[in-house]
2 protein chains.
Amino acid sequence: MKIDKSLLTGSTTLLVLSLLAEGEKYGYQMIQELAAKSDNTFQMKEGTLYPILHGLERDGYVTVSQRWSGGRQRRYYRLTGKGRGLLEDKVKEWKFFSGKVGDVVASYCPELA
Amino acid sequence: MKIDKSLLTGSTTLLVLSLLAEGEKYGYQMIQELAAKSDNTFQMKEGTLYPILHGLERDGYVTVSQRWSGGRQRRYYRLTGKGRGLLEDKVKEWKFFSGKVGDVVASYCPELA
DNA sequence: TTATTATACATTGGCCGCCGATGTATTGTC
DNA sequence: GACAATACATCGGCGGCCAATGTATAATAA
């Protein structure tokens, strides 16, 4: 299913943090994993991901360790304690928000809910 | 709970269409109703709503009948058949999208889901 | 051998959606 | 007569996402 781009706005950081909850990962890997896990629903672009990762690093939500792996230089991102806290907040926020949207739809058009 | 503004992006039209599923309504009323139904989670601004309504009218998703009611001039918006179709599409899209986000979160951080 | 694809990271201009600010006008209330 | 609430409207600006583009290396195919 084709998803309107604007729906994604605001949830991309949540998706990135979720990916990192499992353990450290590098950027390219995160894009591939997210596409695979979501049946290509979420095809995150480099122009979206890398600036987000840089911001998370700048604000202390992730740490980076650049090293060789599989014959490649890769930048591995890992959640800090603060980053874990941000993830928990974002998950709460998402559940609250999506629940409210569902409530409104169910309330006004129950036959579609 | 305070919701990050950007989360709303892309779902505002869905909310507006949902409100109109019940029957014709005027702008100011829709803002009040939405706030009440969502416990003030969705405090839609005039600067958001009116341009959306104008666009929906322009594209044939709603029709407008301006008339007096309660000692006020009001512009009542009503869903067309095309508008009803758009609502159904948007609901499907929303359910698909929110389900996928939930899947990803549950998959990578099941303890938070 | 060379061309092509995949991997990996990065930046930037621009588009689009939302909203704060502001404006106008009328009705109800103190 | 002043003020709040109702009701509609517009516009500049901000912020998030991404298409386009660039660099570099490794693997694969021709």
Side-chain angles (χ1 to χ4, degrees), chain A residues 2-17 19 24-36 40-59 62 64-77 90 93-94 97 101, chain B residues 2-17 19 24-36 40-59 62 64-77 90 93-94 97 101:
Chain A
K2 187 78 172 301
I3 295 285
D4 189 300
K5 275 192 300 183
S6 63
L7 261 185
L8 224 3
T9 307
S11 55
T12 50
T13 300
L14 166 64
L15 293 173
V16 170
L17 293 170
L19 282 162
E24 64 171 13
K25 283 168 189 170
Y26 58 96
Y28 195 81
Q29 174 189 10
M30 297 170 73
I31 291 173
Q32 310 298 320
E33 272 194 29
L34 188 57
N40 290 309
T41 300
F42 303 132
Q43 304 185 23
M44 197 172 296
K45 311 300 175 186
E46 291 95 331
T48 303
L49 178 61
Y50 290 117
I52 285 176
L53 289 174
H54 299 160
L56 290 174
E57 183 190 4
R58 183 198 60 223
D59 298 337
V62 298
V64 188
S65 80
Q66 181 162 350
R67 59 180 191 273
W68 283 90
S69 169
R72 294 277 183 180
Q73 268 287 6
R74 288 165 174 165
R75 292 173 60 78
Y76 286 87
Y77 291 86
K90 291 268 181 195
E93 192 188 14
W94 165 256
F97 165 73
V101 173
Chain B
K2 187 78 174 298
I3 294 286
D4 189 299
K5 276 192 300 185
S6 63
L7 261 184
L8 225 4
T9 307
S11 55
T12 51
T13 299
L14 166 63
L15 293 174
V16 170
L17 293 170
L19 282 163
E24 65 171 11
K25 281 167 190 171
Y26 59 95
Y28 195 81
Q29 173 189 13
M30 298 170 72
I31 290 174
Q32 310 298 321
E33 271 195 30
L34 188 57
N40 291 308
T41 300
F42 302 133
Q43 305 185 21
M44 197 172 298
K45 312 300 176 186
E46 290 95 331
T48 303
L49 178 61
Y50 290 115
I52 286 176
L53 289 173
H54 299 161
L56 291 173
E57 183 190 4
R58 183 197 60 224
D59 298 338
V62 297
V64 189
S65 79
Q66 181 163 350
R67 59 178 189 276
W68 282 90
S69 169
R72 293 276 184 182
Q73 268 287 5
R74 289 165 173 164
R75 291 174 60 79
Y76 285 87
Y77 291 85
K90 291 268 180 195
E93 191 189 15
W94 164 256
F97 165 73
V101 173

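Proteins come first, then strands; the chains are lettered A, B, ... in the order of their sequence lines, and each starts at number 1. We use all heavy atoms of the structure for the numbers below, so side chains are in, but hydrogens, waters and symmetry mates are not.
- As rounded to whole Å, 16 Å separates atom C1' of D:dA5 from atom CD of B:Q29.
- The shortest distance between side-chain heavy atoms of B:V62 and B:L53 does not fall below 4.5 Å.
- Each of A:H54 and A:D4 has a nearest nucleotide on DNA chain C; the 5'-most of these lies closest to A:H54.
- Within the 3.5 Å criterion, the main-chain N or O of A:N40 finds a donor-acceptor partner in the side chain of A:Q43.
- Atoms CG (A:L53) and P (C:dC9) sit 9 Å apart, rounded to a whole Å.
- In this structure, CD of B:Q73 is placed 11 Å from C1' of C:dA25, rounded to the nearest angstrom.
- Atom OH of A:Y50 and atom C1' of D:dG16 are 19 Å apart (whole Å).
- Cation-pi geometry between B:R74 and B:Y28 is not satisfied (NZ or CZ under 6.0 Å from the ring centre, within 45° of the ring normal).
- Under the 3.5 Å distance criterion, the side-chain polar atoms of A:E57 are left unmatched by any main-chain donor or acceptor of A:V64.
- Note: NZ (A:K25) to C1' (C:dT7) measures 18 Å, nearest angstrom.
- A sub-4.0 Å separation between OP1 or OP2 of C:dT7 and a side-chain N or O of A:Y28 is present.
- When side chains are defined from C-beta on, A:L8 counts as touching A:F42, because their heavy atoms get closer than 4.5 Å.
- Separating the OH atom of B:Y77 from the C1' atom of D:dC8 is a distance of 8 Å, rounded to the nearest angstrom.
- Contact record, B:Y77 with B:H54: OH-CD2, 3.9 Å, taken as the closest heavy-atom pair.
- Taking 3.5 Å as the limit, the base of D:dT25 and the side chain of A:R72 contain a donor-acceptor pair of atoms between them.
- For the pair B:W68 CH2 and D:dA7 P, the computed distance is 11 Å after rounding to whole Å.
- A side-chain donor from one of A:S69 and A:Y76 sits under 3.5 Å from a side-chain acceptor of the other.
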Check: protein-nucleotides 18-22 of chain C nitrogen or oxygen pairs below 3.5 Å:
from: C:dC18; atom 1: OP1; to: B:G10; atom 2: N; distance (Å): 3.1
from: C:dC18; atom 1: OP1; to: B:T12; atom 2: OG1; distance (Å): 2.6
from: C:dC18; atom 1: OP2; to: B:T12; atom 2: OG1; distance (Å): 3.3
from: C:dC19; atom 1: OP2; to: B:T48; atom 2: OG1; distance (Å): 2.7

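- Rounded to an integer number of Å, the gap from A:R75 CZ to D:dA24 P is 17 Å.
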